[in-house]
Protein chains: 2
Amino acid sequence: MAKITLKEIAKRLHLSPSTISKALNDSYEISEETKKKVKQFAQQHNYQPNPLAKYLKLGKTNNIGVLLPNIQSPFSAQLLQYLHQSAIANSYNIIFMQSMDHEKDEERALMTLTNQGVDGILIAPVHETSNLELISKIHQENCPVVLFDRIHYNLDTHKVGIDNIKSTYLATEELIKVNRKNIIALCGKDIGITHHRLEGYRKALEDYNIPMNDANIIYIDYSKTLNKIDEDLTKSISRCWRSGCTPNAIIGTTETLTTRLLGVLASLKIQVPEDIAVIGYSNIEFANSLNPALSTIYQPTEEMASTALQLLLDLINSKKDRSQIDFQTILLETSIQLRKSTALT
Amino acid sequence: MAKITLKEIAKRLHLSPSTISKALNDSYEISEETKKKVKQFAQQHNYQPNPLAKYLKLGKTNNIGVLLPNIQSPFSAQLLQYLHQSAIANSYNIIFMQSMDHEKDEERALMTLTNQGVDGILIAPVHETSNLELISKIHQENCPVVLFDRIHYNLDTHKVGIDNIKSTYLATEELIKVNRKNIIALCGKDIGITHHRLEGYRKALEDYNIPMNDANIIYIDYSKTLNKIDEDLTKSISRCWRSGCTPNAIIGTTETLTTRLLGVLASLKIQVPEDIAVIGYSNIEFANSLNPALSTIYQPTEEMASTALQLLLDLINSKKDRSQIDFQTILLETSIQLRKSTALT
DNA sequence: TTGTAAGCGTTATCAT
DNA sequence: ATGATAACGCTTACAA
């Protein structure tokens, strides 16, 4: 680690440690002359303050923990990228953790973060009640917690996400408008958001007087390997196809399922959009490179990241007792980007 | 932060702080009886040691810094995912930074990491000499640095990457074997790896007695937005097409260029693989969902991550002077995954 | 087996 | 404007 300490500088300059500290921190109490001398000496000897000592004294680390399900989805990667940029802009660093959509990993990650000492935590929980007790305890006793992305969670704190019901409704409506009414909903099993996205789907069908068919809802186990997910998708799709219900559209409620679906359909020689239209949640940057260019429900990740981070910083810097604060839930607008996969002429 | 301190426990149990510390750390000096009592009390009062104090005392943070160019490429995301898993398995946490392929950001990130106090740094530098002085200084004076992915860099330390010359050679060879000999090389401008990957391409052409045509090397400025990259790609490709040189294959030397290329070709109505075959570097998990399924040069990210991390931990835990160590450069094997984009029947 | 005391490198308080 | 001193919460010789 760094070699010369503040004490050492004090000795060498025949000044006291406190004077050095103040000089380096530009205190008004110190004369310009002394400041100049001290700073120059520090620079020459490549002084780097020991952050740990500072943090111990100040009681904060300037680190915030970010706990995401899995960085390997473009959506999560975008979130992390923007969170990082916002954090840096505010002189905070990000300690990154992923839960891999497993409650046990999530618990471990949370323990690590608190034992490690972070000033606050941003989390997209595995599901609607995962580690609720632990997270509540951390929020009360350790450091503030802000929820993002997966915000349907019974914790009294700031939450930033999207209106899942509404955006799924709108996407479903797009399909209906191009006269595709036999719509499959592709869902992640045991995922918090599934419930709400399905509700939007149901509501749209109802409003357009389209009968619900439970066989049209496909659940895929999400915590498996990608290969297994492909297999399950293939099975479900071909079963559906053979059963004679002849769906003509699919709405994918998660990014992974939506993007993998395209590969599965290609290998089954099912044509998109001719045989079946596809729209789905995804923030993938190369939607145009997919087969075919994918119509997506796009989430405003940059805004989600900066808003969530700002709210967390507010909590970190707030003097108020955490029970005195009135917490907000912010729902951001999504946008629907139509491309070839729903282009029905 | 946590409420009860070790001192406090000592007071309440009428023992000394050192006894408590030893008891909690299972020291052989402490009687079982006392240990039991102390631990039980600690548990009941939800004692959490202050990590900062501990780290100050011990002089290490158990954090390592990871500095990647940009998390929004599937390859980087994979690396980070596996780095995280390896780190957790070794009780280390990851502080994540990205350089966005800008030297200035890289410098800032490095400064932050050292000021922040990390036990070691893993970095994929922006280019072959970016921040060389700073990184050398950090490696010598602050904490060990290990290079990965982009390892052609004049720093004496462990390096983990792939053999870019060889793997590009093999990919080019695949194209030649299916009789596509007028091959465009698509390169990132001012990117460290470009040089070596091009060398592999050149060597393959030479070995198969195919004349090199400089017009077949396309450079795209990498530090731009994706839209701009698409534009530039479109221009370059259509110019090439019009000029009558009629290429029949493209090799993409970076993931971003390769994947975006597919979108551009689709919009130009150029058929892959009929009109032109495509192969390129990419670790994208849904290569099968691309238009068409993309033949890729796949890098062993999991191995790269765990190897790099292990080497870094070795350096962190090594008692030796850093100049006494003989550093290794490890080149991992890539694999070529052929899919439809090079399937010429 | 347990306790005492020093110290890690800062910053903050209060004198001078 | 500068300095002395205490403190942050823990670990670790060394003493008892």
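In what follows, every heavy atom counts, from backbone to side chain, and hydrogens, waters and symmetry copies are set aside. Lettering of chains follows the sequences in order, A, B, ..., and the numbering in each one begins at 1.
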Take the protein atom CG of A/Leu24 and the nucleotide atom P of C/dT11, then report the distance between them rounded to whole Å. 8 Å
So, A/Glu128 versus A/Asn154: side-chain donor-acceptor pair below 3.5 Å or not? no
How close or far is atom P of C/dG7 from atom CG of A/Leu6, stated in whole angstroms? 17 Å
Which residue lies toward the 5' end of DNA chain C, B/Ala53 or B/Glu32, if each is placed at its nearest nucleotide? B/Glu32
Rounded interatomic separation in angstrom, taking NZ from A/Lys57 and C1' from C/dT11: 5 Å
B/Ser21 and B/Ser18 side chains, donor-acceptor separation under 3.5 Å: no
Quiz: residues 303-312 of chain B side-chain donor-acceptor pairs under 3.5 angstrom, not counting sequence neighbours:
| unit_1 | atom_1 | unit_2 | atom_2 | d |
| --- | --- | --- | --- | --- |
| B/Ser306 | OG | B/Glu302 | O | 3.2 |
| B/Ser306 | OG | B/Glu303 | O | 3.3 |
| B/Thr307 | OG1 | B/Glu303 | O | 2.5 |

For A/Lys7, answer base if it contacts any base atom (sugar-phosphate contacts may also be present), sugar-phosphate if it contacts only those atoms, and nothing otherwise; contact means non-hydrogen atoms under 4.0 Å. base
Is it true that the side chains of A/Ser130 and A/Glu106 contain a donor and an acceptor less than 3.5 Å apart? yes
Write down the distance between CG (A/Asn25) and P (C/dT10), rounded to a whole number of angstrom. 11 Å
According to ring-ring contact (aromatic ring centres under 6.0 Å, His included), does anything in residues 124-148 of chain A pair up with another residue at least two apart or in another chain? List the pairs. A/His139-A/Phe327
Between A/Lys159 and A/Asp149, is the closest basic N to carboxylate O distance under 4.0 Å? no
Pairs: protein N or O with nucleotides 2-4 of chain C N or O, under 3.5 Å:
| unit_1 | atom_1 | unit_2 | atom_2 | d |
| --- | --- | --- | --- | --- |
| C/dT2 | OP1 | B/Thr34 | OG1 | 2.7 |
| C/dT2 | OP2 | B/Ser31 | N | 3.1 |
| C/dT2 | OP2 | B/Ser31 | OG | 3.2 |
| C/dT2 | OP2 | B/Thr34 | OG1 | 3.0 |
| C/dT2 | O4 | B/Glu29 | OE1 | 3.4 |
| C/dG3 | OP2 | B/Ser16 | N | 3.0 |
| C/dG3 | OP2 | B/Thr19 | OG1 | 2.7 |
| C/dG3 | N7 | B/Ser18 | OG | 3.3 |
| C/dG3 | O6 | B/Lys22 | NZ | 2.6 |
| C/dT4 | O4 | B/Ser18 | OG | 2.7 |

In whole angstrom, what separates A/Lys11's NZ from D/dG3's P? 15 Å
Here the distance between atom P of D/dA7 and atom CG of B/Asn50, to the nearest Å, is 17 Å
Integer-rounded Å distance: C/dG7 P and B/Leu58 CG: 18 Å
Nearest to side-chain heavy atoms of B/Ser21, which nucleotide of D/dT11, D/dG9, C/dT11: D/dT11
Report the distance from atom CG of A/Leu56 to atom P of C/dC8, rounded to the nearest whole Å. 13 Å
